[in-house]
Student: 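This is the structure, below, for whatever I ask next.
When a ligand or atom number is given, it counts from 1 through the structure's own listing order.
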Amino acid sequence: MSHASPSLPEELVTALRKAQHIVVLTGAGISAESGIPTFRNAQVGLWAQYSPEDLATPGAFERDPRLVWKWYGWRRSLVEQASPNAGHLALAEIERRVPQLTLVTQNVDGLHQRAGSKHVLELHGNITRVKCSLEHVVIEQWEESGELPPRCPNCGGLLRPDVVWFGEALPERARDEAFSAALFCDLFLSIGTSGLVQPAASLPVVARKRGALVAIINPDEDAEWPADYCVVKGTAGEVLPALVSAAWE
Ligand code: BV8
C-alpha cells in the first residue's frame, strides 16, 4: 500500500541534519508495526480480562506468581517472533549519521538492539532477561517444565522477568544517563509513547526547558501536546524513514 510521505516540518528536518546530540525516547508504539500490541491496546485473547497496570506490579507477583510468569511468557513469545520494523532500522541509521545519539526506550522487547542501535538505555528492563526475585541477579538458564515460576538455582527464590514493575525503581545508571542526556541534547524525539508513565515522561520536559527542539512522532489524532512541541502525526514506520531521506538523501 503506497503512502504519500507524511508532511515533515522543515524545522525538524533541518534540526536533524544539524544535530550534535539527539535524544530519542521510544514507547510501545514503535513496536506496534512489528506486531507487538501496545501497552494500552486491549490485551488479546486469554489476557483480555487483565490490564497491564494490574499484572506488571510486585503485588500481582506476590498474589499469583504463576499467572504473572505465564503472562510474561506469552509476551516473550510475541517478542521472539517479532522483527525490528522500518522505524527501528531508521533510528539505527540516524545513530550512524549524527555525532551522538542517546536512545532511551521504555520498551522491554530488545528490538532496538536487534535493529543495530548501539547505544540503548532500557529504562524498564528487558522481557527476554529473567532474574531471581530475591537476589536480583540475572539467570541465563531455567527449566520451564514443572512448577511455574521456576526457582533460582542458587537460592531457590522464584524467578521473575527482569523488567521494572509499577512501583519499582528504575535502574539507576540508565535513568541518570537518560536525564543527563536530556539536559544537553539539541534535539529530542519522542516516538510512539503516550507519555503517561513517569519518570520517563519527564524527559522531553527537561529537554524542552533547556532549549532543545522536542518533536513528537505519534499517529494519535486526539492526543494533546505542549504548544511548543513539533508534532508529526504519523507512524514510526512511515515517518522515521521519511526523515532519514529528507535529511540525508
Ligand atoms: C517509579 C515494564 C518510584 C513492565 C513498565 C501518579 C502520578 C504520576 C506517577 C505515578 C502515579 N502513581 C504511580 C506513579 C508512578 C508510576 C507511573 O508513572 N504510573 C502511571 C500509570 C501513572 N511509575 C512507576 O511506578 C515507575 N517507578 O516511579 O518508582 C520509586 C522510586 C524509588 C524507589 C521505589 C519506587 C516505574 C514505571 C515502569 C513500569 N513498567 N513496563 C512491562 O512491560 O510489563 S511501563 C509500560 O507502560 C511500558 O514500559 C511503557 O513505559 C508504558 C506504556 O507506555 P507507552 O510505551 O507510551 O505505550 P502506550 O500503549 O501507553 O502508548 C503507545 C503510543 O504509541 C500511543 O500514544 C499510540 O498513539 C502510539 N502508537 C501506536 N501505534 C504507533 C504509535 N506511534 C508510532 N507508530 C505507531 N505505529
Student: Using a 4.0 Å cut-off to any heavy atom of Ala28, which atoms of ligand 1 qualify?
Tutor: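 This gives 55 (P), 56 (O), 58 (O) as the contact atoms.
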Student: Looking at Trp69, I'd like to know if the NZ or CZ of Arg76 sits under 6.0 Å from its six-membered ring centre while staying within 45 degrees of the ring's axis.
Tutor: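 Arg76 over Trp69 ring: yes.
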Student: So, regarding Thr193 and ligand 1 (criterion: nitrogen or oxygen to nitrogen or oxygen, under 3.5 Å), is there a contact or not?
Tutor: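 Between Thr193 and ligand 1 (N or O atoms, distance only) the closest approach is under 3.5 Å.
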Student: Does any N or O in the side chain of Glu95 come within less than 3.5 Å of the main-chain N or O of His119, such that one atom is a donor and the other an acceptor?
Tutor: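 Yes, because the side chain of Glu95 sits within donor-acceptor range (under 3.5 Å) of the backbone of His119.
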Student: Run the numbers for me: atoms of ligand 1, each under 4.0 Å from some heavy atom of Tyr72, listed by number.
Tutor: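 Under 4.0 Å from Tyr72, ligand 1 has these atoms: 4 (C), 42 (C), 44 (O).
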Student: Before signing off on this row, confirm whether Ser194 and ligand 1 have an N or O atom pair separated by under 3.5 Å.
Tutor: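 Ser194 vs ligand 1: N/O contact under 3.5 Å present.
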Student: If the test is side-chain hydrogen bond (donor to acceptor under 3.5 Å, both in side chains), which one of Asn85, Thr26, Asp109 qualifies with Ser31?
Tutor: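 For Ser31, the side-chain hydrogen bond (donor to acceptor under 3.5 Å, both in side chains) test succeeds with only one of Asn85, Thr26, Asp109, which is Asp109.
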Student: How about CD on Glu62, more than 12 heavy atoms from neighbouring residues, nucleotides or ligands closer than 6.0 Å, or not?
Tutor: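 Result for CD/Glu62: open.
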Student: Which atoms from ligand 1 have a heavy atom of Gly27 less than 4.0 Å away?
Tutor: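 Answer for ligand 1: 56 (O).
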Student: For residues Cys185 and Gln100, determine if any side-chain heavy atom of one lies less than 4.5 Å from a side-chain heavy atom of the other.
Tutor: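 No. Closest side-chain heavy atoms not under 4.5 Å.
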Student: I'd like the name of whichever of Asp220, Asn218, Thr38 reaches closest to atom 66 (C) of ligand 1 through any heavy atom.
Tutor: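 The nearest heavy atom belongs to Asn218.
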Student: When you look at CZ of Arg96, are more than 12 heavy atoms from neighbouring residues, nucleotides or ligands closer to it than 6.0 Å?
Tutor: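 Atom CZ in Arg96 is packed in, count exceeds 12.
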Student: For Glu33 and ligand 1, does the shortest N/O to N/O distance drop below 3.5 Å?
Tutor: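 In this structure, Glu33 places an N or O atom under 3.5 Å from an N or O of ligand 1.
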Student: Going by the closest heavy atom to atom 36 (C) of ligand 1, which one wins out of Arg175, Glu168, Glu221, Lys233?
Tutor: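 The option holding the nearest heavy atom is Glu168.
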Student: Please could you name the atoms of ligand 1 that Ala56 approaches to less than 4.0 Å, counting only its heavy atoms?
Tutor: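 Contacts of ligand 1 toward Ala56, numbered from 1: 44 (O).
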Student: For the pair Ser34 (side chain) and Ser83 (backbone), establish whether a donor and an acceptor sit closer than 3.5 Å, ignoring hydrogens and angles.
Tutor: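 Side chain of Ser34 to backbone of Ser83, a donor-acceptor pair under 3.5 Å: yes, one is there.
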Student: Nearest non-hydrogen atom to atom 37 (C) of ligand 1 belongs to which of Asp222, Val197, Asn126, Asn85?
Tutor: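 Looking at heavy atoms only, Val197 sits closest to atom 37 (C) of ligand 1.
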Student: Measure the shortest side-chain to side-chain distance between Phe166 and Glu53 over non-hydrogen atoms and say whether it is less than 4.5 angstrom.
Tutor: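 Yes, side chains in contact.
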Student: Below 4.0 Å from any atom of ligand 1, is there a heavy atom belonging to Gly167?
Tutor: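 It does, in that a heavy atom of Gly167 comes within the 4.0 Å cut-off of ligand 1.
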Student: For Ile22, run the side-chain contact (heavy atoms from CB on, under 4.5 Å) check against Leu213, Leu189, Leu91 and tell me which one passes.
Tutor: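 With Ile22 as partner, side-chain contact (heavy atoms from CB on, under 4.5 Å) holds for just one option, Leu189.
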Student: Return yes or no for this condition: an N or O of Val164 is under 3.5 Å from an N or O of ligand 1.
Tutor: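 N/O-N/O distance under 3.5 Å: yes.
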Student: Please verify the inter-ring angle class for Trp165 with Phe61; under 30° counts as parallel, over 60° as perpendicular, anything in between as tilted.
Tutor: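 Geometry flag for Phe61 against Trp165: tilted rings.
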Student: Just so I know, are the side chains of Glu122 and Val164 near enough to count as touching, which here means a heavy-atom distance under 4.5 Å?
Tutor: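 The answer is no; the side chains never approach within 4.5 Å.
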Student: Would Ala200 count as a contact residue for ligand 1, given that I'm defining contact as a non-hydrogen atom of the residue lying under 4.0 Å from a ligand atom?
Tutor: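 Contact absent.
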Student: With only distance considered, is Val163 within less than 3.5 Å of ligand 1 through an N or O on each side?
Tutor: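 The answer is no, given that Val163 and ligand 1 share no N or O pair closer than 3.5 Å.
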Student: I'd like to check whether Gly192 has a polar contact with ligand 1, where a contact means an N/O of the residue lying under 3.5 Å from an N/O of the ligand.
Tutor: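 For ligand 1, there is an N or O atom that lies under 3.5 Å from one belonging to Gly192.
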Student: Which ligand 1 atoms does Arg75 reach within 4.0 Å, using its non-hydrogen atoms?
Tutor: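 Near Arg75, the atoms of ligand 1 are 42 (C), 43 (O), 44 (O).
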Student: Below 3.5 Å, N or O to N or O, backbone or side chain included: is there any such pair between Glu53 and ligand 1?
Tutor: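 There is no such contact.
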